[in-house]
Asks: 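For reference, the structure I am asking about is given below.
Whatever order the structure lists them in is the order used to number ligands and atoms, beginning at 1.
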Amino acid sequence: MAADEALIFRPAVEVSFEEFGILIPIDDDRTAQVLASLAHAGVDTGRLVRVVEEPLIGREDLLRVHTPSYVEDLFSSGLERRLLEAYELVDERGGYVRYDPARARRPLSELLDRVLLGASCTYLACLRALEAGYAFSCAGGYHHAHASFGHGFCVINDVVIALRRLVAEGRIERAWVVDVDAHKGDGTAALTQDDPSIATLSIHMAGGWPLSLPPTLPDGSPHPSHIPSTVDIPVHAGKEDRYTSLLEEGLAGLADLLPEPDLVVVVWGADPYEKDTLPSASELSLSLDQMFARDLLVWRFLQDRGVPASFLMAGGYGPHAWEPFSRFLRWVFLEG
Ligand SMILES: [Zn+2]
């Protein structure tokens, strides 16, 4: 397999937080741990993995999804304020939360370049999936970003950005987003509610963030986080044993409702895992076996229909976040 036949895309630099003075418990080396575990198991990662060095996603791609004034802020002196907002580093009184600029070794503004690199991995994994049937990105899945603001650690919505670009390029007409991250894909649902080319399914914690957000924004307009996905599947705490059958019903419902898509983006997320350390993901607690069953279900559903699928790592926090990703990828490349 040549380097241009890679099936796993990773950014040359990760969206790490600690070096920016941000105290979010995402493990900077989860990708490295996943890839090391694959290599250890005998997967030829040297040939499968492409390191993405330069952003392929730029301002014009963002403008297909985000408002002109938000995009203008991101590419001007408004960037820092927008990053503080998206990573939720400021409280209502203007004080810093989970952020200590004194500990930063890099300017916050460099985070945007890293986000654009992650979004580029999303786009490349989608392109590659259209050729090969499937591909994986070790970044992306920024499903909470809305048209005019970011939140939930998501600055731009790479999922919709990649899909709108593929539609504009004439490569696809219809896509689905299957979001199995612990949190509702609120940004993706809101951005695509009037877009007949993109349908969304989100299975997520029935309570907690972002569903706990107030019904209106500070300006009095309805909060877009409450806009429904095409198919929403809330899972209540303690009902993890029903997760797989609920997901199966939801996927079947989407297939009954809509014609088959040209591409599916899976917002993959390891944060439903019981060993995830993010407090806001604690209401969903799947075992490693249940995580693997989830991934197999999605995989087989799409493979059986011959629908190309691009998997984005999305959420997954703490020292064990790599384990569900690794389990499934080992199966794909060694047994699938
Ligand atoms: Zn999440």
Asks: Could R305 and F301 be counted as a cation-pi pair, given that NZ or CZ must be under 6.0 Å from the ring centre and within 45° of the axis?
Replies: yes

Asks: With sequence neighbours left out, what residues match R171 under salt bridge (charged side-chain N to carboxylate O under 4.0 Å, His left out)?
Replies: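 If we apply the salt bridge (charged side-chain N to carboxylate O under 4.0 Å, His left out) test to R171, skipping adjacent residues, the hits are E169.
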
Asks: Which N, O or S atom name in D181 marks its closest approach to the Zn ion (ligand 1)?
Replies: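 Closest N, O or S atom of D181 to the Zn ion (ligand 1): OD1.
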
Asks: Should we say atom CZ of R103 is surrounded by more than 12 heavy atoms from elsewhere, each under 6.0 Å from it?
Replies: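 It does not: R103 CZ has 12 such atoms or fewer within range.
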
Asks: Only to 10 degrees, please: what angle do the ND1 atom of H183 and the OD2 atom of D271 make about the Zn ion (ligand 1)?
Replies: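 Here the angle at the metal atom is close to 100°, to 10°.
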
Asks: Backbone or side chain, does H143 get an N/O/S atom under 2.8 Å to the Zn ion (ligand 1)?
Replies: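 Of the N, O and S atoms in H143, none lies under 2.8 Å from the Zn ion (ligand 1), which means no.
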
Asks: Can you confirm whether R64 is buried at CZ, in the sense that more than 12 heavy atoms of other residues, nucleotides or ligands lie under 6.0 Å from that atom?
Replies: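 Above 12, so yes.
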
